[in-house]
Amino acid sequence: MARTIVLKAGTVVPAPSVASPSFTEVGRSGLDAIPTVVFDHCRPASNSARVSIVGACNDAVPDDGAGHLDGDQSVGEPFTEAYFRGAAAILATKPSPAEAQVSGELLLRHYGLTGTIRVLSSEVECTAEVTLLSGDRLILKTSARPEGRDSFRFQVAALAGLEGASGFAAPHLVRTGAGTLMFEEEEICGYLQTRLSGVPLHQVNATPEVRYRVGQALGRLSLALEPLTLPAMHRPVLWHVGCWPRLMELEEHLQSEPVAASVRLAMGNYVELIKPQLREVAWQVTHNDPSPFNTLLAGQGIAFIDFGDGCWGPRIQDLVVAASHLVTDPSLALGGSENLIAGYASVTPLSTLEAKLLVGLMKARQSALILINYWRAELFPAEAAYIKKNVARAERGLSILSALSVGEADLAVSRAGP
């Protein structure tokens, strides 16, 4: 539940200017505008030089030139036990409520701003909506946890790397008074970004045309992230595909045997048939959670928010996540995700292997969502409704995709192509 903290009124000192977007803004103006985007159709060359983004500290990750999972530490670590245990520990800890109390002080100290702060629901970090005296709205993210620094270093570097990209919108960073992407104190760190206006995808009538446009925008996001090498992109993230085989440890938390049976089958297929082939698909930085809650619509513009689960993973991962949330209609082979897949493939064509693995990965992602969220809902019963907001959709989608044979799945993906 959101909580509002009203700060003592004061003089608003303008923050350092936000980088100007490279698209035309429609509707509202200023920090709260949603853009109209222009889709161009030029894809960066596959061997284009990777760009190393340094955030508020000098800890850019060196580029090893690897485009595939090759077993070295940087891309193989998510498949280790230690990575899984570290990632699970992060999601087993709630954000500290004390962080919300100091948000106003941090906002004034690092950005020279005052306003009204409303604390929002969040999985890991403390997230607050800031309404300035001018009426502009921003998002302030803070964390007092050690792993929060790595997460924020990744997030701010990702947002900085996307500035100037076209075909979609993402939040813009507001630099601190010192000109850095984030602030880091001894006990707490954080960053400030614009708050984009729009309607979350889960609240709109997602027509085939809307789903196609979302797929196109997602393809553009994938292209924009592809050349980036970011700080902390190998940090533990439980939603990473490398953690999925070990998630069956959470099976005891499932409440329905039919659902549990479908999850066991999907995860068994992933471990036996899909995981060994992930070495052969392209890997890059991904958003890793373009869910209907993190995808916004406004006019012809599509925006993606919340890069907190972003990491280095299979390029196809963002399509897998987005498509898995749109499997809702049992009368369609892929449940209605066909148009999103087609839109994505029109911008970022799938390789033969990616197309072959897509449905199996979608079922495994739905299973991962079910397992993780039932487990976390038991850990934090007061937040269970928020935690399980996507579970019913995942269970329904898994039941629809589980009815497909391998041949039917391959044919459905082929027909969904551009």
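These numbers were taken from a predicted model, which means no experiment stands behind them.
Within the structure, the ring pair (Phe, Tyr, Trp, His ring centres under 6.0 Å) test picks out no pair touching residues 381-418 (sequence neighbours left out). Pairs of residues two or more places apart, or lying in two chains, that qualify as salt bridge (charged side-chain N to carboxylate O under 4.0 Å, His left out) and include a residue from residues 378-393 are Lys94-Glu383. Here ring pair (Phe, Tyr, Trp, His ring centres under 6.0 Å) pairs that include residues 192-231, with residues two or more places apart or in two chains, are His202-Phe293. Within the structure, the salt bridge (charged side-chain N to carboxylate O under 4.0 Å, His left out) test picks out the following pairs touching residues 281-308 (sequence neighbours left out): Lys141-Asp306, Asp289-Arg365. Listed by first and then second residue, the salt bridge (charged side-chain N to carboxylate O under 4.0 Å, His left out) pairs involving residues 353-363 are Arg315-Glu354 (not counting sequence neighbours). For residues 254-264, the salt bridge (charged side-chain N to carboxylate O under 4.0 Å, His left out) pairs, not counting sequence neighbours, are Glu251-Arg264, Glu257-Arg264.
Ser324 places a side-chain N or O within 3.5 Å of a backbone atom of Val320 that can act as its donor or acceptor partner. Distance alone, capped at 3.5 Å, is enough to place a donor-acceptor pair between the Arg235 side chain and the Ala232 backbone. Side chain of Asn294 to main chain of Pro290: no donor-acceptor pair is present (N/O by atom type, distance under 3.5 Å, no hydrogens or angles). A donor-acceptor pair is defined here as one N or O able to donate and one able to accept, closer than 3.5 Å; such a pair exists between the side chain of Arg145 and the backbone of Ile90. No donor-acceptor pair closer than 3.5 Å links the side chain of Ser222 to the backbone N or O of Leu218. Thr295 places a side-chain N or O within donor-acceptor distance of the main-chain N or O of Ser291, the cut-off being under 3.5 Å. Of the possible donor and acceptor atoms, none in the side chain of Thr180 sits under 3.5 Å from a partner among the backbone N and O of Phe183.
For the atom pair CG of Leu138 and CG of Leu192, the computed distance is 4.5 Å after rounding to the nearest 0.5 Å. The CG atom of Asp309 sits 7.5 Å away from atom CH2 of Trp239, with the distance rounded to the nearest 0.5 Å. The distance from atom CG of Leu371 to atom CD of Glu249, rounded to the nearest 0.5 Å, is 10.5 Å. Rounding to the nearest 0.5 Å places CG of Asn373 at 9.0 Å from CG of Leu91. Of the inter-residue distances, the one linking Leu106 atom CG with Thr176 atom OG1 reads 12.0 Å to the nearest 0.5 angstrom. Note: Arg195 CZ to Leu296 CG = 8.5 Å, rounded to the nearest 0.5 Å.
Closest heavy-atom contact between Phe154 and Cys311: CZ-N, 3.5 Å. Shown here for Lys275 and Pro245, the closest heavy-atom pair between the two residues is CD-CG, 4.1 Å. Between Pro227 and Ala224 the shortest heavy-atom distance is CD-O, 3.4 Å. Here the shortest heavy-atom pairing between Ser262 and Leu398 reads CB-CD2, 3.7 Å. For Ala368 against Leu247, the heavy-atom pair with the smallest separation is CB-CD1, 3.5 Å. Counting all heavy atoms, side chain and backbone alike, Ala266 lies closest to Ala364 at CB-N, 4.4 Å.
Scanning for side chain to side chain donor-acceptor pair (under 3.5 Å) contacts around Arg396 gives an empty result, with sequence neighbours left out. Gln193 is linked by a side chain to side chain contact (heavy atoms under 4.5 Å, CB included) to Ile139, Leu159, Pro171, Tyr191, counting only residues two or more places apart in sequence or in another chain. Legend: residues meeting side chain to side chain contact (heavy atoms under 4.5 Å, CB included) with Pro208, ordered by chain and number and at least two apart, are Asn339. Take Ser405 and apply the side chain to side chain contact (heavy atoms under 4.5 Å, CB included) test, not counting sequence neighbours, and it matches Glu408. Partners of Glu272 by side chain to side chain donor-acceptor pair (under 3.5 Å), not counting sequence neighbours: none found. With sequence neighbours left out, Ala128 forms a side chain to side chain contact (heavy atoms under 4.5 Å, CB included) with Ile117.
The local environment of CZ in Arg415 is sparse, with at most 12 non-hydrogen atoms from other residues, nucleotides or ligands closer than 6.0 Å.
Using a 4.5 Å heavy-atom threshold, the side chains of Val327 and Gln366 count as touching. Side chains of Thr131 and Arg137 form a contact here, defined as non-hydrogen atoms less than 4.5 Å apart. Side-chain contact between Asn205 and Val210: absent, with no pair of heavy atoms (C-beta onward) separated by less than 4.5 Å. Taking 4.5 Å as the limit, some side-chain heavy atom of Phe84 sits within range of a side-chain heavy atom of Leu238. For the pair Ser367/Trp244, no side-chain contact is recorded, criterion being any heavy-atom separation below 4.5 Å from C-beta on. Within the 4.5 Å cutoff, side-chain heavy atoms of Leu225 are placed close to those of Asp318. Between Ile316 and Leu361, some side-chain heavy-atom pair lies under the 4.5 Å cut-off. Taking the side chain as every heavy atom from C-beta outward, Leu334 and Leu404 approach each other to under 4.5 Å.
Side-chain atoms of Glu147 and Ser151 form no donor-acceptor pair, as typed in the model, at a separation below 3.5 Å. Side-chain contact of His287 with Gln317: a donor-acceptor pair under 3.5 Å is absent, judged by distance alone.
Between Glu125 and Arg149 there is no salt bridge, since no side-chain nitrogen of the basic residue lies less than 4.0 Å from a carboxylate oxygen of the acidic one. Contact check on Arg153 versus Glu184 returns a salt bridge, with a Lys/Arg side-chain nitrogen under 4.0 Å from an Asp/Glu carboxylate oxygen.
In this structure, Tyr374 has its ring center at least 6.0 angstrom away from the ring center of His253.
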| request: Test Leu181 against Phe152 for side chain to side chain contact (heavy atoms under 4.5 Å, CB included), laying out the working first. | output: CA-CA 10 Å; Leu181 302 181; Phe152 286 170; over 6 Å; no

| said: Would Trp375 and Glu252 count as a side chain to side chain contact (heavy atoms under 4.5 Å, CB included) here? Give the steps. | reply: CA-CA 9 Å; Trp375 164 64; Glu252 63 183 280; over 6 Å; no

| Could you walk me through whether Val359 and Asp410 pass the side chain to side chain contact (heavy atoms under 4.5 Å, CB included) check? | CA-CA 8 Å; Val359 172; Asp410 290 344; over 6 Å; no

| field | Pair Arg376-Ile372, side chain to side chain contact (heavy atoms under 4.5 Å, CB included): steps then yes or no | value | CA-CA 6 Å; Arg376 295 193 74 245; Ile372 291 173; 4.0 Å; yes

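Each of Ile341, Leu201, Val214 was checked for a side chain to side chain contact (heavy atoms under 4.5 Å, CB included) with Leu326, and the lone residue meeting it is Leu201.
Classification of the Trp312-His234 ring pair by plane angle, with boundaries at 30° and 60°, yields perpendicular.
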